[in-house]
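Since the model is a prediction, treat every value here as computed from it, not as a measurement. Letters A, B, ... mirror the listed sequences (proteins, then strands); counts begin at 1.
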Amino acid sequence: MRHSLLVRARQCPPMSNIHDKDRYLPSEIEPRWQAFWDEHRTFETRRKPGSPKLYVLDMFPYPSGSGLHVGHPEGYTATDIVARHARMKGVDVLHPMGWDAFGLPAEQYAIQTGTHPSAKTAENIQTFRRQLKMLGFSYDWSREVNTTDPSYVRWTQWIFLQLFRRGLAVQSEIPVNWCPDLGTVLANEEVIDGKSERGGFPVLRQPLRQWLLRITAYADRLAGDLDLLEWPDTKQKQLNWIGRSEGVEIDFKVDGADEKLRVFTTRPDTLFGATYMVIAPEHPAVDRITTAEQKPEVQSYVAAAIVKSDMDRTALAKTKTGVSTGAFAINPVNGERIPIWVADYVLGAYGTGAVMAVPGHDERDFEFAGQYGLPIVEVVSPDGALHDSLSAAFVDDGVAVRSGQFDGLRTPEMKQKITDHLASLGIAARKVNYKLRDWVFSRQRYWGEPFPIYFPVDLDDPSADPRTGAPHKVRYDQPIAVEDSELPVRLPDLTDFRPGNDPRGPLARAVDWVYFQKEGRWFARETNTMPQWAGSCWYYLRFLDPSNEERIFSEQAYDDWMPVDLYVGGSEHAVLHLLYARFWHKVLFDVGVVKHPEPFIKLVHQGMILGENNEKMSKARGNVINPDDVVREFGADSLRIYEMFMGPLEQVKPWQTSGIQGARRFLERTWKICNGELCEAIDEETARLLHKTIKKVGDDIDSMRFNTAVSALMILSNHLASLEACPRQAARALVLLLSPFAPHIAEELWSRLGGAQTLAFEPWPTYDENLVRDDTVEIGVQVNGKVRGRIMLAKDASEQQALELARAEKNIAMYLEGKGLKKVIYKPGLILNIIVDK
RNA sequence: GCCGAAGUGGCGGAAUGGCAGACGCAGCGGAUUCAAAAUCCGCCGUCCUUACGGGCGUGAGGGUUCAAGUCCCUCCUUCGGCACCA
């Protein structure tokens, strides 16, 4: 009885008797090492003269109320691996993190609860910081920035003033979607059939004073400098967005009036086929040229069109509408009178807001002409022959026909010739247009950066106080920049953050903030705020020198780290954020603040992680994976390993909870190897595998193929686990190779293997080329292109030797027997292909 | 419609034009266990064959090549972006 109890106790000791030392306990190891890194300031940025540098940047998060989701650690783990690997290679690394903390959700929450948005924002940041630390990222937390911090806002405003002083920030009355019932301006996406998406209230297209940033002035450079960048398809997306288009502007006389209409076209070669002209409803000449009898119809058409949102005007499958102005233009090449129409398929904001319509060679004009019975003339023929009727617009290049002296020219040549001809008459000029529009930069919101701008106030009674509602006029036409020394302009405290029914926004209610006196004169502050993009446009620059009170950053800090070598973030920012940031950078380049034309050299977008059901993760779908839960159950290292192992970083991939189990098993195995019996000698097979793994993991990190790097580590770990005892040098190297991926377990094992302090700066293992290269290899032997066997031979074996070995294989010999040898293809180390008679 | 990316086992995926399916998940069989979990060993594209082996296989169809998942052409599907930009 006693005996069996003893045996049982030995075989199955109660939990408390197992030395924690022997078990892999992420919940114990991980916080301990995080505390170590914090206490020892392990990852505070150091810049050593003469060392190479690497600036590895993550797109900083908006600290939402729901906390981190599993998508965040994907990109963040990737950059962390790159950063940790670089440190071990002796590179100085800048790897910072911060918060893009202005924005609507915090404001909505404030409206609902009446608490100040800064309170909720601070709380959310706490959560995000805790979660990021929990994942063991090697950020230099001493450089944390927060876009809502006044010391940060100060420099956002300072940059705005640079734009303002250069005439790149201007005010304009542009039509916006104003919803009086909701008391706010809405985005195009928030307007459906002229009503607000929420509530169904009427939305008016109303001109409202807005700040515009003249990004179009930089369109050419923003397009051209993409060539300097190591970016994925994002470049193409930006090019499409910028929409550079080379064409010609041509003047048409209006018949019987002293009026010219200028059109933009990319197809001047089709001028002979222009059978009517269309101007946009917003075109300034509409009123002047419309004949008396057409006036009522045109006016009502224009009135209806202008109120429509862009969405309504460009709605899919919508049939085109338009009305005749009754006026005619003269086609400059053939003197024909062509009718001028108003139609909203022509955009007022692009080109000249007027087009020459060539229904024979433009699909839109073809459709419109068919609808209103306008003539369709072929002037470009695919084969040079004349065709009397067209069933569809022919938009490809061809040969000019019905084009007078130009007949017979091919389209590209025709474009040149006719443009030269028109230019010599002084009625045309080559022109480049862009789809890109100027950037509407103001929001009628509370939780954003105030503009560092104020305006003079004209009072009817100069002794009155505008704060009491005395009649006055704000001179928006005379914007004044706040002095640099007075920055930042802080947000006033409000208790009610609702937008209200005033298009000036909630800040207008803070009358004591808005109005102030200077040298006896009253002034009013700008009450719009900046959009959320503002802070994220330049945060990568503040990381250089985040606590500099004197300057945006020091020149030394700039020279130390810029440009950003690697930038990782979601592709949802492919155009907006990444275009805006490039624009600001170029302005700062012109100001002389930065020295490189582009901020982000290499860009990578991590792919979205879908839910286990292959759908986008969302609360509504109930498929959200919470990193807190995953870390509690499996540990941060397992999460990191799994997310890197899922597949290529850029790819969209579904989460599989069972998959993370595999990552955990791999770490358990590695734990067991390193805590088990070690030996000093190393056998050749192990040495070869080890050195190959060292090479592969390094190469894979360099090319950001983390999934195959993890795979290589697993193969090594599986092999070492199969040995009686693990060679000490293999265990040490495995731990170092693993450390960028799973830093906590690696630090723990490293210290148990006798390593000092931290492995964060331990030299990255090197490999022996001789051990990486195999002398003896197994190659496939094909007969007539089909693999029939495999042979082991020296890497540099001769063709003769290879053939002999192949013939010795029974199966291969069978296929060769009695057949005449026609040809032998032998690629040493790769393949032997024997071609024989059939 | 236009631009871009991608289609490989049951699943995630791997493969400088040279042995398709590495590695992992799931599954199956076995060892261990009173039992289970965990762990360890083995099998694991598909069809034919007791086996040795063979046929077929990387969205579809054609082509180039001694050799194609990989290169070229046509098409289909999925995903992302743009969408009357003259």
Residue-phosphate contact under 4.0 Å: [X] side-chain N/O, [N] OP1/OP2:
{"X": "A:N707", "N": "B:A14", "answer": "yes"}
{"X": "A:N811", "N": "B:G54", "answer": "yes"}
{"X": "A:R665", "N": "B:A26", "answer": "yes"}
{"X": "A:Y350", "N": "B:A86", "answer": "yes"}
{"X": "A:S245", "N": "B:A86", "answer": "yes"}
{"X": "A:K786", "N": "B:G18", "answer": "no"}

[X] side chain: which of [options] is closest?
{"X": "A:Q656", "options": "B:G18, B:C11, B:C3", "value": "B:C11"}
{"X": "A:S658", "options": "B:C25, B:C23, B:G4", "value": "B:C25"}
{"X": "A:I831", "options": "B:G18, B:G24, B:A26", "value": "B:G18"}
{"X": "A:L830", "options": "B:G18, B:G4, B:U39", "value": "B:G18"}
{"X": "A:L347", "options": "B:C56, B:A86, B:G13", "value": "B:A86"}
{"X": "A:K653", "options": "B:G4, B:G12, B:C84", "value": "B:G12"}
{"X": "A:V787", "options": "B:C3, B:A20, B:A15", "value": "B:A20"}
{"X": "A:N718", "options": "B:C23, B:C25, B:A20", "value": "B:C23"}

Considering every strand and a 4.0 Å limit on heavy-atom distances, what is the contact class for [X]: base, sugar-phosphate, or nothing?
{"X": "A:N833", "value": "base"}
{"X": "A:I715", "value": "sugar-phosphate"}
{"X": "A:Y815", "value": "sugar-phosphate"}
{"X": "A:K435", "value": "base"}
{"X": "A:Q661", "value": "nothing"}
{"X": "A:Q782", "value": "base"}
{"X": "A:R669", "value": "sugar-phosphate"}
{"X": "A:D365", "value": "nothing"}
{"X": "A:R788", "value": "sugar-phosphate"}
{"X": "A:P648", "value": "sugar-phosphate"}
{"X": "A:I835", "value": "sugar-phosphate"}

Separation between the [atom1] atoms of [N] and [M], rounded to whole Å:
{"N": "B:A60", "M": "B:U8", "atom1": "P", "result": "10 Å"}
{"N": "B:C23", "M": "B:C44", "atom1": "P", "result": "12 Å"}
{"N": "B:U64", "M": "B:A26", "atom1": "C1'", "result": "41 Å"}
{"N": "B:G24", "M": "B:G30", "atom1": "C1'", "result": "22 Å"}
{"N": "B:G61", "M": "B:U77", "atom1": "C1'", "result": "15 Å"}
{"N": "B:U33", "M": "B:U39", "atom1": "C1'", "result": "11 Å"}

CG on A:L689 to CG on A:L720, rounded to 0.5 Å: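 Spacing of CG (A:L720) from CG (A:L689) equals 7.0 Å.
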In this structure, how many angstroms lie between the [atom2] atom of [N] and the [atom1] atom of [X], rounded?
{"X": "A:F645", "N": "B:C25", "atom1": "CZ", "atom2": "C1'", "answer": "9 Å"}
{"X": "A:E615", "N": "B:C79", "atom1": "CD", "atom2": "P", "answer": "12 Å"}
{"X": "A:M646", "N": "B:C11", "atom1": "CE", "atom2": "C1'", "answer": "12 Å"}
{"X": "A:Q236", "N": "B:G80", "atom1": "CD", "atom2": "P", "answer": "19 Å"}
{"X": "A:D699", "N": "B:U16", "atom1": "CG", "atom2": "P", "answer": "13 Å"}

I want to verify the glycosidic state of B:G9; is it syn or anti under the 90° rule? syn
When the nearest nucleotide of RNA chain B is assigned to A:V710 and to A:G243 on a heavy-atom basis, which residue is associated with the more 5' position?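 Result of the comparison: A:V710.
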Residue met sooner reading RNA chain B from 5', once A:T708 and A:M814 are mapped to nucleotides: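 Of the two residues, A:T708 wins.
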Tell which nucleotide pairs with [N], taking only Watson-Crick or G-U wobble pairs whose two distances are both under 3.5 angstrom.
{"N": "B:G69", "answer": "none"}
{"N": "B:G7", "answer": "B:C76"}
{"N": "B:G12", "answer": "B:C23"}
{"N": "B:A51", "answer": "none"}
{"N": "B:G1", "answer": "B:C82"}
{"N": "B:C56", "answer": "B:G45"}
{"N": "B:A37", "answer": "none"}

Base of B:C82 paired with side chain of A:K237 (donor-acceptor, under 3.5 Å):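 For A:K237, whose side chain was compared with the base of B:C82, there is no donor-acceptor pair (under 3.5 Å).
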Could you tell me whether A:R705 and A:D699 have a side-chain N and a carboxylate O separated by less than 4.0 Å?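 Salt bridge flag = no for A:D699 with A:R705.
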Looking only at heavy atoms, the pair that brings A:E363 and A:A393 closest together is N-CB, 3.7 Å
For A:D637 and A:I745, which heavy atoms make the closest approach, and how far apart are they?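 Distance-wise, the nearest heavy atoms are OD2-N, 2.8 Å.
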Donor on one side chain, acceptor on other, A:N833 and A:Y826, under 3.5 Å: no
Without swapping roles, check the side chain of A:T419 against the backbone of A:K415 for a donor-acceptor pair under 3.5 Å. yes
Distance under 6.0 Å and angle within 45° of ring axis: A:R582 vs A:W241: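 Ring-cation test returns no.
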Could you tell me whether A:R664 sits above the aromatic face of A:F634, with NZ or CZ closer than 6.0 angstrom to the six-membered ring centre and within 45 degrees of the axis?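 No; the conditions do not both hold, so A:R664 does not lie above the ring face of A:F634.
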How are the rings of A:W341 and A:F368 set relative to one another: parallel (under 30°), tilted (30 to 60°) or perpendicular (over 60°)?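 Answer is perpendicular, since the angle exceeds 60°.
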Would you say that more than 12 heavy atoms from the other residues, nucleotides or ligands in this model lie under 6.0 Å from the CD of A:E633, or not? no
